[in-house]
Amino acid sequence: MSKENSNAAEDASSKPVDFIREIVARDVAEGTHGGRVQTRFPPEPNGYLHIGHAKSICLNFGIAQEFGGKCNLRFDDTNPSKEETEYVDSIKDDVRWLGFEWDQECYASDYFEQLYDWAEELIKQGLAYVDSGTLEEIREQRGTVNEPGTPSQYRDRSVEENLDLFRRMKAGEFPNGAHVLRAKIDMAAGNMSLRDPIMYRIMHTPHHRTGDKWCIYPMYDWAHGQSDSIEEVTHSICTLEFEIHRPLYDWYIAQLRIFPSRQYEFARLNLTYTVMSKRRLLELVQGKHVAGWDDPRMPTLAGIRRRGYTPEAIRNFCRTIGVTKYSGTTDLSVLENALRDDLNTRAERRMAVLDPLKVVITNYPEGESEELDAANHPADESFGTRKVPFGRELYIEREDFMEDPPKKFFRLGPGREVRLRYAYFVRCNEVIKDADGNVTELHCTYDPETKGGNAPDGRKVKATLHWVPVEQSIEAEVRLYDHLFRVENPSDVPEGGDFKDNLNPESLQIIDNAKLEPTLGNVNPGDKFQFERLGYFCVDKTSTAEKPVFNRAVTLKDTWQKVKSKG
RNA sequence: AGCCCGGUGGUGUAAUGGCAGCACAACGGAUUUUGAUUCCGUUAGUCUGGGUUCAAAUCCCGGCCGGGCUUCCA
């Protein structure tokens with residue numbers, strides 16, 4: 001259960017500017033396109049959206065919102081061999097979940113007819129030709145980054161022949177690979193994308209939206225800019241790797257004399273301990289290294305959502321990282337911190353014991369119990385309180401007891417007194433062990449005077465422990481997640497290595513018998529709580545009333561872990 | 001190597017010719033019925049060499065380093 005409220009950090013008053021927003025602001029001020037702002041988010045439906053896309057979504061939709069413009073959702077579906085409807089559905093879900101609504105839902109495939117007509121126009125202008133060379137020939141003739149390419153032998157075909165061939169390509173008269181349509185630009189250009197780029201290839205593959213109407217499909221460069229232009233996109237925002245394509249983007253628009261969309265590029269998001277490429281994410285899914293696209297360890301929006309991340313946290317994260325042209329790598333802790341920040345103010349507190357150690361309160365009357373008041377949020381009374389049953393037998397976290405505690409350990413030990421959260425002070429009198437010497441049970445006494453957690457005589461304790469009653473607690477499965485990769489840069493592998501070699505074998509730890517306070521018995525998938533002293537947890541989609549399942553979204557900051565590891 | 005783009009504390013960013021600021025991380029302290037939160041403080045930066053200027057992170061030139069491009073992918 002988390003409280004709905006608007007996050008102050010999202011107020012426009014703290015609106016940061018980046019170089020793209022500066023450009024947009026300037027264009028609006030100068031009245032370019034009548035001050036109209038039109039952006040678009042253009043995913044290819046061949047995979048799930050990830051946190052990197054969130055950066056682009058926040059930028060494109062955010063700019064439209066801030067400048068009174070519109071943002072389209074456009075599927076760049078020009079390669080039917082890799083694209084599926086499953087992906088368009090998940091993409092729409094993810095964009096909406098992030099909190100954005102598009103103006104128009106567009107598909108590059110809706111423009112195939114227009115694109116085809118424009119291609120004929122270019123042919124008629126002598127600016128495009130059909131190349132009948134093989135894939136290998138074309139590749140060889142392209143040259144390298146050092147050497148200019150050489151013109152294809154088909155480069156000077158007549159307009160009539162080109163038109164005839166192109167029409168027959170469209171009509172399905174040729175097999176895959178027999179011909180391509182190329183723009184006639186400059187085979188010696190320093191910019192490789194200008195060396196007579198391919199506009200169409202023959203692909204006898206049904207398309208998820210156009211069926212088998214087409215057997216020629218446009219390439220990215222030919223489809224993308226023209227789609228922008230058709231939608232009268234004013235600011236076409238994409239990532240840095242397309243920067244070198246910009247001259248081609250401009251060239252097509254200039255030759256066609258169509259709406260002059262402009263392209264701007266920013267650095268894509270890189271996160272430590274994370275891989276972001278769709279190819280690699282697909283590999284993780286298909287290789288069953290994770291349980292699917294929405295595995296909570298995945299950086300996909302679906303995974304992150306299932307993990308327990310909120311749209312607000314992700315939007316705040318995107319605001320924090322900014323937008324630049326520098327390709328850096330953001331610490332994963334920045335993302336995690338954004339979640340803590342958000343959930344700290346909104347998540348109700350509960351108690352759960354993950355690794356139970358039984359405690360018997362020897363001076364508490366047998367067979368009795370009572371209900372104690374616990375605050376749902378320590379800093380916000382409006383969250384109210386709940387009752388937590390207390391009795392003679394309890395569970396505490398095994399980690400909260402040490403038989404021979406070091407000086408910096410504040411928690412329970414033989415002869416020590418600590419507070420049980422919202423309950424009483426208890427003192428440990430006896431440590432029960434099994435034959436192997438493992439601690440199986442603690443015998444403690446409680447001080448009835450300290451009910452609620454304060455001592456009338458003013459004495460202090462150094463620690464407050466969370467706990468649950470043995471009798472009334474419920475059992476649950478709790479999944480603890482750690483980084484999917486054990487190194488900051490998973491792609492950094494030695495010669496012959498694979499990024500999967502860097503997978504963290506301990507990225508998922510399943511606890512199937514965690515003990516939860518009884519109020520946690522009635523929850524719904526997606527509900528989020530802070531388990532006090534442990535972290536933020538989210539009810540998984542597989543959770544049932546009989547067997548609740550919680551995912552740990554993120555731990556709390558843990559100073560003790562730091563102290564402990566430093567020795 | 002050729003072309004394009006970048007380089008500000010450990011990391012991500014702000015300063016757009018005029019006091020180098022913010023966030024995360026780290027470290028120290030205060031408060032605390034979560035070793036959480038909150039609050040205060042500390043450490044730490046303009047890649048490098050030259051030039052222009054009263055004044056350069058910012059403008060110019062060279063170097064160094066990093067990213068991208070050499071798919072009938074997007």
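Proteins get letters first, then strands, A, B, ... in listed order; numbering begins at 1 in each.
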query = Are A/Glu336 and A/Val334 side-chain neighbours, meaning at least one heavy-atom pair lies under 4.5 Å?
reply = no
task = Determine which nucleotide pairs with B/rA74, using a 3.5 Å limit on both distances of a Watson-Crick or G-U wobble pair.
result = none
Residues A/Lys325, A/Glu243: salt bridge by 4.0 Å N-O rule = yes
inquiry  = Over all strands shown, is A/Glu243 touching base, sugar-phosphate only, or nothing at heavy-atom distances under 4.0 angstrom?
reply    = sugar-phosphate
request  = Return the nearest nucleotide to the side chain of A/Phe410; candidates are B/rA74, B/rA36, B/rG35.
outcome  = B/rG35
ask   = Roughly how far apart, to the nearest Å, are B/rG35 and B/rA57 at atom P?
value = 47 Å
request  = Just call it for A/Pro247: base, sugar-phosphate, or nothing, with non-hydrogen atoms closer than 4.0 Å on any strand.
outcome  = nothing
Write down the protein N/O and nucleotide N/O pairs, taken from nucleotides 10-19 of chain B, whose separation is under 3.5 Å; answer none if there are no such pairs.
{"unit_1": "B/rU11", "atom_1": "O3'", "unit_2": "A/Thr329", "atom_2": "O", "d": "3.2"}
{"unit_1": "B/rU11", "atom_1": "O2'", "unit_2": "A/Thr329", "atom_2": "O", "d": "3.0"}
{"unit_1": "B/rG12", "atom_1": "OP1", "unit_2": "A/Thr329", "atom_2": "N", "d": "3.1"}
{"unit_1": "B/rG12", "atom_1": "O2'", "unit_2": "A/Ile321", "atom_2": "O", "d": "3.1"}
{"unit_1": "B/rU13", "atom_1": "OP1", "unit_2": "A/Thr324", "atom_2": "OG1", "d": "2.8"}
{"unit_1": "B/rU13", "atom_1": "O5'", "unit_2": "A/Ile321", "atom_2": "O", "d": "3.4"}
{"unit_1": "B/rU16", "atom_1": "O4", "unit_2": "A/Glu22", "atom_2": "OE1", "d": "3.2"}
{"unit_1": "B/rU16", "atom_1": "O4", "unit_2": "A/Glu22", "atom_2": "OE2", "d": "2.6"}

task = For nucleotides B/rG9 and B/rC47, find the distance between their P atoms and express it as a whole number of Å.
result = 7 Å
request  = Report the nucleotide, chosen from B/rC72, B/rC73, B/rG35, that has the shortest atom-to-atom distance to any side-chain atom of A/Glu44.
outcome  = B/rC73
task = For B/rA14 versus B/rC27, give the span between their P atoms, rounded off to a whole number of Å.
result = 27 Å
task = Walk me through it: do A/Arg279 and A/Glu283 pass the test salt bridge (charged side-chain N to carboxylate O under 4.0 Å, His left out)?
result = CA-CA 6 Å; A/Arg279 200 205 89 223; A/Glu283 210 176 322; 3.6 Å; yes
task = Select from A/Arg246 and A/Tyr422 the residue whose nearest nucleotide in RNA chain B is closer to the 5' end of that strand.
result = A/Arg246
request  = Give me the ring orientation class for A/Tyr116 and A/Tyr200: parallel if the planes are under 30° apart, tilted from 30 to 60°, perpendicular past 60°.
outcome  = perpendicular
inquiry  = Applying the Watson-Crick and G-U wobble criteria at under 3.5 Å, what pairs with B/rA30? Answer none if nothing qualifies.
reply    = B/rU38
task = For B/rC54 versus B/rU42, give the span between their C1' atoms, rounded off to a whole number of Å.
result = 36 Å
key: Side-chain N or O of A/Lys562 closer than 4.0 Å to phosphate OP1/OP2 of B/rA26   = yes
Identified pairing partner of B/rA14, criterion: Watson-Crick or G-U wobble below 3.5 Å = none
query = Between atom CZ in A/Arg74 and atom P in B/rA74, what is the gap in whole Å?
reply = 13 Å
query = A/Glu147 near the nucleic acid: base, sugar-phosphate alone, or nothing, with a heavy-atom cut-off under 4.0 Å?
reply = nothing
request  = Go through the N and O atoms of the side chain of A/Arg340 and the base of B/rU37, and report whether any donor-acceptor pair is under 3.5 Å.
outcome  = no
message = Between B/rC24 and B/rA36, how many Å separate the two P atoms, rounded to a whole number?
response = 15 Å
NZ or CZ of A/Arg168 within 45° of A/Phe174 ring axis and under 6.0 Å = no
task = Determine the interatomic distance between P on B/rC39 and the same-named atom on B/rC22; round to the nearest Å.
result = 14 Å
task = May I ask which nucleotide in the shown strands pairs with B/rA25, Watson-Crick or G-U wobble, both distances under 3.5 Å?
result = none
ask   = So among A/Arg349, A/Met351, A/Arg350, which one has a side chain to side chain contact (heavy atoms under 4.5 Å, CB included) with A/His466?
value = A/Met351
ask   = Is A/Arg427 close enough and on-axis enough to A/Tyr446, meaning under 6.0 Å and within 45°, for cation-pi?
value = no
query = If you look at every strand shown and take non-hydrogen atoms under 4.0 Å, does A/Phe409 touch a base, only sugar-phosphate, or nothing?
reply = base
Partner nucleotide, any strand, of B/rA55 [Watson-Crick/G-U, under 3.5 Å] = none
request  = With heavy atoms under 4.0 Å as the rule, sort A/Phe242 into base, sugar-phosphate or nothing.
outcome  = base
request  = Ignoring the backbone of A/Arg139, work out which of B/rU34, B/rA25, B/rU71 is nearest its side chain.
outcome  = B/rU71
key: Sub-4.5 Å side-chain heavy-atom contact between A/Tyr536 and A/Leu556   = yes
request  = State whether A/Arg533 places a side-chain N or O below 4.0 Å from either non-bridging phosphate oxygen (OP1 or OP2) of B/rG35.
outcome  = yes
ask   = Taking only N and O in the side chain of A/Thr144, is any of them less than 4.0 Å away from OP1 or OP2 of B/rA1?
value = no
ask   = Do A/Arg411 and A/Met402 come close enough that some side-chain heavy atom pair is under 4.5 Å?
value = no
request  = With the side chain of A/Asn337 defined as its heavy atoms from C-beta on, choose the nearest nucleotide among B/rA1, B/rC24, B/rC72.
outcome  = B/rC24
ask   = Please give, in whole Å, the distance from B/rA36 P to A/Arg411 CZ?
value = 11 Å
key: Distance in Å, A/Ile321 CD1 paired with A/Leu335 CG, rounded so as to fall on 0.5 Å steps   = 8.5 Å
ask   = So what does A/Asp76 touch, heavy atoms closer than 4.0 Å: a base, only the sugar-phosphate, or nothing?
value = sugar-phosphate
side-chain N/O A/Arg142 vs B/rC72 OP1/OP2, d < 4.0 Å = yes
request  = Under 4.0 Å between any heavy atoms, over every strand shown, what does A/Gly535 touch: base, sugar-phosphate, or nothing? Just pick one.
outcome  = nothing
Residues in contact with RNA chain B, drawn from residues 268-279 of chain A - heavy-atom cutoff 4.0 Å = none
remark   = Judged by nearest nucleotide, the residue sitting upstream toward the 5' end of RNA chain B, A/Leu534 or A/Leu240, is A/Leu534
request  = Report, as yes or no, whether the 6.0 Å neighbourhood of atom CD on A/Glu30 holds more than 12 heavy atoms from other residues, nucleotides or ligands.
outcome  = yes
task = From the options B/rC69, B/rC72, B/rU34, select the nucleotide whose nearest atom is closest to the side chain of A/Arg421.
result = B/rU34
message = Is it the case that B/rA74 (base atoms only) and A/His245 (side chain only) share a donor and an acceptor within less than 3.5 Å, ignoring hydrogens and angles?
response = yes
key: Separation of B/rA74 C1' from A/Arg280 CZ (nearest whole Å)   = 16 Å
query = Touch check for A/Asn454, heavy atoms < 4.0 angstrom, all strands: base, sugar-phosphate only, or nothing?
reply = base
task = Under a 3.5 Å limit for both distances, which nucleotide forms a Watson-Crick or G-U wobble pair with B/rA44, could you say?
result = none
query = When you measure from the side chain of A/Gln263 to the backbone N and O of A/Phe242, does any donor-acceptor pair fall under 3.5 Å?
reply = yes
query = What residues, two or more places apart in sequence or in another chain, satisfy ring-ring contact (aromatic ring centres under 6.0 Å, His included) together with A/Phe112?
reply = A/His207, A/Trp214, A/Tyr217
inquiry  = Students often get this wrong, so: under 4.0 angstrom with heavy atoms, is A/Gly47 touching a base, only sugar-phosphate, or nothing?
reply    = nothing
inquiry  = When the P atoms of B/rC61 and B/rG7 are compared, how many Å lie between them, rounded to an integer?
reply    = 15 Å
message = So A/Thr450, base contact, sugar-phosphate only, or nothing? Heavy-atom distance under 4.0 Å.
response = nothing
remark   = Looking only at heavy atoms, the pair that brings A/Pro218 and A/Leu115 closest together is CG-CD2, 4.2 Å
query = Does B/rG66 pair with anything, Watson-Crick or G-U wobble, both distances under 3.5 Å, and if so, with which nucleotide?
reply = B/rC5
ask   = If you measure from the P atom in B/rU16 to the same atom in B/rC73, how many Å do you get, rounded?
value = 45 Å
